[in-house]
Asker: 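Pasting in a structure now, in structure tokens, and then I'll have a few things to ask.
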Amino acid sequence: MSKENMSSGAQKAESLTTTKKSTAKKPVNKTRKSTKTTKTTVKKVNTPAKKQKPVSEKKLAKKKALEQKRLQAAKVRAERKQKRLEKKLENKQKRLDRLAALKERAAERREKRRERRDMLKHETKEARINRKREAREARMEARIAKREARISEKQAKREHALKVRAEKRADKAERQHTPGMGGWLAAVISLGVTTLALGTMLTFGWINYNGMEADMASVHTQSLYELNSIVDNLDTNLAKARVSNSRNEQVRIFSDIAIESEMAEVVLERMPIETQLTENMTGFVNKMADSAQGMLYTVSRGDNLTESQKASINYMYETNLEMKRILNEITSSSSAKDMIKAMKGRESNLGTSFGDIENNAIETPKEIHDGPFSDSVKKVSAKNLAKLEEINATQAEELAQKYFESYNPTDVRCTGEAVAQQLECYNLTIKTDDGEMMAQISKKGGKVVMFDSYKECNDHNFSVERCIDIAQDFLADLGYKNMTAVWTSENGTTCNLNFAYENNGVVYYPDMVKVKVCEQRGIVTGIEGISYVLNHVERNAGKAAISKSDAKSKLMGGFNVEGSRLTVIPHDEQEVLAYEFYGNYEGNDYYIYVDAKTGEEVEVFTVIGTKQGKALM
């Protein structure tokens, strides 16, 4: 076979055979050269290159699609990452905005409290009365508007119901034949759509109502925190008042206590708690404000605090400390659910906690600022209202025109109704050339329950004795007969008097009317007669089983009696015939009541602020 026809594999084999033969013949010392020759020979062998298979278009398209998919996935990941970053920044900005809004609201509340504190600090007594009167008017107008809106809504619903009923009757009269299959189908579809719509409306209403409840619970929770903060401030100021001996510092402290007490009373009125669970607490902060005001007058005149006033400070401090402890527990443990339960009038931890304050923390001391049994209305029940004739609004306007004829009224208008204790009343606005007055007249019997007006009283033109006569004549014109003055207090421009019904020498303290007289003009500018209206009925007090001298012998030795009389007093939700002894012991003034039938001592009152008020025996 010629070399040309030999395959490459055969050529290679022949070459290798030739190489081996030549290597064997050559000496060993020439091995390096033979190796080179062999290498040269190997290099000369022509080995054909492997042919690469061409890549198909399908694989190229698949590879390209895969690459495109990877790019798309990377793009999606980048977009998601960007969205997460943007969302994170957005949430962060929302948190910052929310914190800024909370700080702004807190600053606004602080500013409002500061403005209110400044306003109350410089507010005169007359301005305070006028402000409270305007607030009452605003609340009354709001109630009237709410009631009118409710009535209008009911009327609209009633008219709509009547219209729908009339349409149904007309439709029924029009269709006297039995409906076919199409009619029944339409009725079923219509009923289904109506049920679905009603269900949607009820669901939306329920969700909306829950949202409103949550909002109201949040508002009341904020009021709870505000009350807790005020009580904390009171604790600080009362602690300072116990040890302070600087006149300027005492003025500042007592001013703050008076203002903060009034703020606490306002916040308590906003709490969704039943009145009986906050009655003592409200009474305590109210009397604390009065006590602080009296002490402020004392130190402002340059006088020192009396021992009774110092004892009052200690009592207020200890009571407020206990109240603070319970309020701190309430604030830390109450939840939104508790607040919503309280709003709905259900039993809740919140109500129970306030009940603890009412029953355990608050025990109002038997001290009097404005006469004995001046708040006896809390212990009474209506005795004769059922026997009295009920009047309408027009009759109430006519009676007001008659009662206040001496004030020359130009317009008398009934503005609505109200309930005071158990008494339903008409609210009336009386316009005169000298200003506007307010009055409440009972539905039963048409009695004047309340009257208030603002008159400038800057001078002392009428004595206390003359003011008593003016008030007594005014009460007689209103139908309050046989009234005797039992207590008076005056500040140089206004005289405040307590009158009680007297019959056969017996003073009936439950039948009390409070009267305010302007000492500049010599006219009555306000009365409060709810105790009289609820209590007064002709009754026999009975006869005393022991004499006045025997009752006096029951008093403690050393008590200096300055006056005495036979009285009927409210005691343990009953009326008790008792001897009243007014006098002093070791520099303090007291009222002591001895049961005229058993000879037992039933009530003892400490009199404070005697420079502003005194008993009339």
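As the structure is a computational prediction, the values presented were derived from the model and not from experiment.
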Asker: Working to the nearest 0.5 Å, report the span between NZ of K543 and CG of L566.
Answerer: 12.5 Å

Asker: Considering only heavy atoms from C-beta outward, does the side chain of L234 approach that of S261 to under 4.5 Å?
Answerer: yes

Asker: Between K516 and V524, is the side chain to side chain contact (heavy atoms under 4.5 Å, CB included) condition met? List the steps.
Answerer: CA-CA 6 Å; K516 181 173 63 175; V524 175; 6.0 Å; no

Asker: Does CG in N504 sit with more than 12 non-hydrogen atoms of other residues, nucleotides or ligands closer than 6.0 Å?
Answerer: no

Asker: State the CD-CD distance between E397 and Q395, to the nearest 0.5 angstrom.
Answerer: 10.5 Å

Asker: Is the gap between the SG atoms of C518 and C457 under 2.5 Å?
Answerer: yes

Asker: Taking atom CG of L238 and atom CD of E260, what is their separation to the nearest 0.5 Å?
Answerer: 8.5 Å

Asker: Just how far is it from atom OG of S453 to atom OH of Y407, taken to the nearest 0.5 Å?
Answerer: 6.0 Å

Asker: Check whether the ring centres of F581 and Y591 lie less than 6.0 Å apart, and answer yes or no.
Answerer: no

Asker: Is there a side-chain contact between Y585 and N560, using heavy atoms and a 4.5 Å cut-off?
Answerer: no

Asker: Tell me whether the count of non-hydrogen atoms from other residues, nucleotides or ligands lying under 6.0 Å of CD in E405 goes above 12.
Answerer: no

Asker: Where does the angle between the aromatic ring planes of F404 and F451 fall among parallel (under 30°), tilted (30 to 60°) and perpendicular (over 60°)?
Answerer: tilted

